[in-house]
Structures are given as C-alpha cells and as structure tokens.
Amino acid sequence: MIGILDLASDVKANSAKYSDALKSKSIGLIFQKPSNRTRVSFEIGMFQLGGYTIYLGSSEIGMGGRESVKDVACVLSRYLNGIVARTYKHEVLEELAKYASIPIINGLSDRAHPCQALGDVFTIRERFGKFEGLKLAYIGDGNNVMNSLILAALKLGISVDVATPKAYGPDDKITKLASAAARSSGARISISNDPVRAAERADVLYTDVWVSMGQEKEAAKRIKAFSKFQLNDGIMKKAKSGCVVMHCLPAHRGQEITNSVMDSKHSIVYDQAENRMHVQKAVLLKLLA
Ligand code: CP
Ligand code: NVA
C-alpha cells in the first residue's frame with residue numbers, strides 16, 4: 001500500500017511526467033449505481049495518463065440481465081486493458097474478476113470501497129506526515145466505506161475507534177480482519193456505541209451517510225437509529241482542537257454531518273475528493289503501465 005501512496009505523491013507533484021504513461025491503454029467503467037467522484041476522477045485520471053475510458057452505465061450493457069457477468073467479463077477482456085466496476089453485490093465483482101483476464105478495480109460494492117480508503121489514508125498522511133500514533137474515530141454506519149477505511153488505517157498503524165448504533169457495527173468477518181491488521185501493525189481497535197468517547201481522542205473524525213445507495217427503503221428506520229451519531233457542533237466541542245473531519249461524500253448535510261462541521265476549518269473533505277484521482281492514477285499505473 002505504501003508503494004501506491006508514494007507513487008500517488010509523485011503523480012500529484014509531477015503530473016506532466018506521466019502524461020503518456022498509459023498511451024493506447026483503455027479502461028471500462030461498469031457502473032450499476034450513480035457516481036460523481038469515482039467516475040469523474042477515473043475518467044480524468046485516465047485522460048491525464050494518455051489513456052482512454054469508456055463509461056458503461058446500468059442501461060448500457062445490462063450486466064447480469066441482458067448478458068451474464070461471465071460473458072461481459074470475457075468479451076470486455078478482448079477490448080480493454082482494465083475495468084472499474086461499481087456494483088450492488090460484492091459477489092458480482094468477484095465473478096467479474098473470476099472470468100476476466102484483465103484487472104478488475106472495485107469502484108464500490110456493498111462490501112467495500114478500497115479506492116476511497118486509499119485516497120483517505122493518502123489524505124491523512126498528507127495532513128499529518130505520518131500514520132503511527134494517530135487515532136481515527138469512525139462514527140456512523142458500519143458500511144462499505146468503513147470496512148475498507150478501518151482495514152487500511154489499521155494496517156498502516158493508525159488506531160481506530162468505531163462508534164455505531166447497535167446492529168449497525170462491523171460484521172464478524174471485518175472485525176476479525178481488523179483485529180489481525182491491528183495485531184500486525186501494533187495499532188489498537190475498539191468497537192463501541194459511544195460516539196463522544198470515540199471523538200474525544202481522535203485526530204481524524206470520519207463519517208459517511210446513514211442510508212447508502214440501495215438502502216433507500218430503510219431510510220426512515222436508519223435516520224431514527226443514527227440520530228445520536230451526527231457530527232455536529234456538540235461533538236466537535238469534545239474533540240481535539242487539531243483534529244480533522246473527513247467524509248467520503250456525497251454527504252447528506254443535516255443528517256450524518258451538519259453544515260457547520262462540513263464547512264468548518266477542520267473539514268478536509270474536498271482534499272479527500274481531489275486525492276481520489278491521484279491515488280487512482282497510481283493504481284492504474286501499477287496495474288496497466
Ligand atoms: N466517494 C465516492 O465514491 O463518491 P461517488 O459515489 O460520487 O463516486
Ligand atoms: N456508503 C455510501 C458511499 C458512497 C460513496 C454508499 O454506498 O452509498
């Protein structure tokens with residue numbers, strides 16, 4: 001992971017050096033869900049590397065409906081050098097990867113959002129100049145973004161406090177992986193239902209939406225369950241003065257985070273969004289150059 005982050009630092013500082021690095025290479029973006037950051041940062045990132053991108057939205061190829069996942073994987077492997085896929089079910093990504101002969105990059109599934117996590121740890125290093133000794137509080141829903149973020153952070157030596165409502169915490173598989181990552185780096189992981197305690201000791205406060213794409217039918221139930229897990233002025237009063245606030249975006253302002261916190265001096269959410277592009281360019285270079 002450090003290799004990708006270091007390459008991303010160079011890509012960010014010396015973009016022109018890589019302007020032909022992926023000349024005549026092409027990727028496809030198979031997106032079953034909407035996207036702003038992931039789509040635009042991959043498309044522009046690939047353009048800046050001299051390559052070509054084709055966007056294949058849900059109405060284009062009908063993966064799994066019009067055509068089987070296997071056939072999509074096998075056919076696109078004959079045209080493209082790589083695929084970024086955003087799916088509902090993580091298993092669809094795994095099936096694509098099973099049958100494709102080209103790299104498959106997870107652009108978000110119901111289980112994971114690894115490109116987001118890479119951009120996030122890159123942003124944390126950019127801000128603090130280190131990982132070891134830092135504490136990250138993830139407050140909110142134990143979702144795809146949390147899964148990838150806490151594993152990346154723990155592997156790099158950042159200690160993590162997860163605070164979610166009961167029944168919305170990390171599942172057993174993620175908890176086991178997180179404990180193993182913490183053991184190997186010497187970081188600490190705690191999982192609780194106490195957002196204030198998590199916030200008090202954090203250098204980084206992180207949240208994400210309470211209702212992820214595909215969960216719209218559960219919105220009312222979730223908004224009620226998460227009401228005490230909002231990043232607002234009250235919780236910021238308990239936090240350290242030098243802490244930063246992060247959110248993968250899109251944010252539901254007024255739900256998981258207030259305008260006052262999103263727009264405060266602590267917020268580095270737009271740095272995060274920008275850095276998605278730099279780290280993804282590094283990923284593309286590692287996989288396709
Ligand atoms: N953070 C993120 O992945 O944003 P999009 O859903 O807009 O791509
Ligand atoms: N957890 C959110 C992240 C969006 C980038 C979702 O899956 O909708």
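The first residue of the sequence shown is numbered 1, and numbering continues consecutively from there. For ligands, and for the atoms within them, numbers begin at 1 and follow the listed sequence. Every heavy atom of this structure was used, including side-chain atoms; hydrogens, water molecules and symmetry mates were not.
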Just jot down the ligand 1 atoms closer than 4.0 angstrom to any heavy atom of [X], in number order.
| X | result |
| --- | --- |
| R86 | 3 (O), 5 (P), 6 (O), 8 (O) |
| N36 | 5 (P), 7 (O), 8 (O) |
| R37 | 1 (N), 2 (C), 4 (O), 5 (P), 7 (O), 8 (O) |
| R276 | 1 (N), 2 (C), 3 (O) |

For R201, is the CZ atom crowded, meaning more than 12 foreign heavy atoms sit under 6.0 Å from it?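 Yes, because the 6.0 Å sphere around CZ of R201 holds more than 12 heavy atoms from other groups.
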Using residues 63-76 as the side-chain source, report each donor-acceptor pair under 3.5 Å to any protein atom, sequence neighbours left out, with the distance given to one decimal.
{"residue": "S68", "atom": "OG", "partner": "D71", "partner atom": "N", "Å": "3.0"}
{"residue": "S68", "atom": "OG", "partner": "D71", "partner atom": "OD2", "Å": "3.3"}

Any chance you could measure T123, atom OG1, to N275, atom CG, to the nearest 0.5 Å?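 Result: 3.5 Å between the selected atoms.
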Just grab all the salt bridge (charged side-chain N to carboxylate O under 4.0 Å, His left out) pairs involving residues 203-220, residues at least two apart or on different chains.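 Those involving residues 203-220 are D203-K240, E218-R222.
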Modelled atom types, side-chain donor and acceptor of [X] and [Y], under 3.5 Å:
| X | Y | answer |
| --- | --- | --- |
| R197 | S190 | no |
| D10 | N14 | yes |
| Q280 | S41 | yes |

Is there a side-chain contact between L284 and I105, using heavy atoms and a 4.5 Å cut-off?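 They are in side-chain contact.
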Acceptor/donor pairs from residues 45-58 side chains to any protein atom, 3.5 angstrom cut, sequence neighbours excluded:
{"residue": "Q48", "atom": "OE1", "partner": "K281", "partner atom": "NZ", "Å": "2.7"}

Assess L249 for proximity to ligand 1: is some non-hydrogen atom of it under 4.0 Å away?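 So L249 counts as touching ligand 1.
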Check H113 against ligand 1 and report side chain, backbone, both or neither, counting heavy atoms closer than 4.0 Å. side chain
Taking any residue with a non-hydrogen atom under 4.0 angstrom from an atom of ligand 2, which ones do you get? L108, N143, N144, V145, D208, V209, S212, M213, L249
Return yes or no for this condition: an N or O of C248 is under 3.5 Å from an N or O of ligand 1.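 Indeed, backbone or side chain, C248 has an N or O that close.
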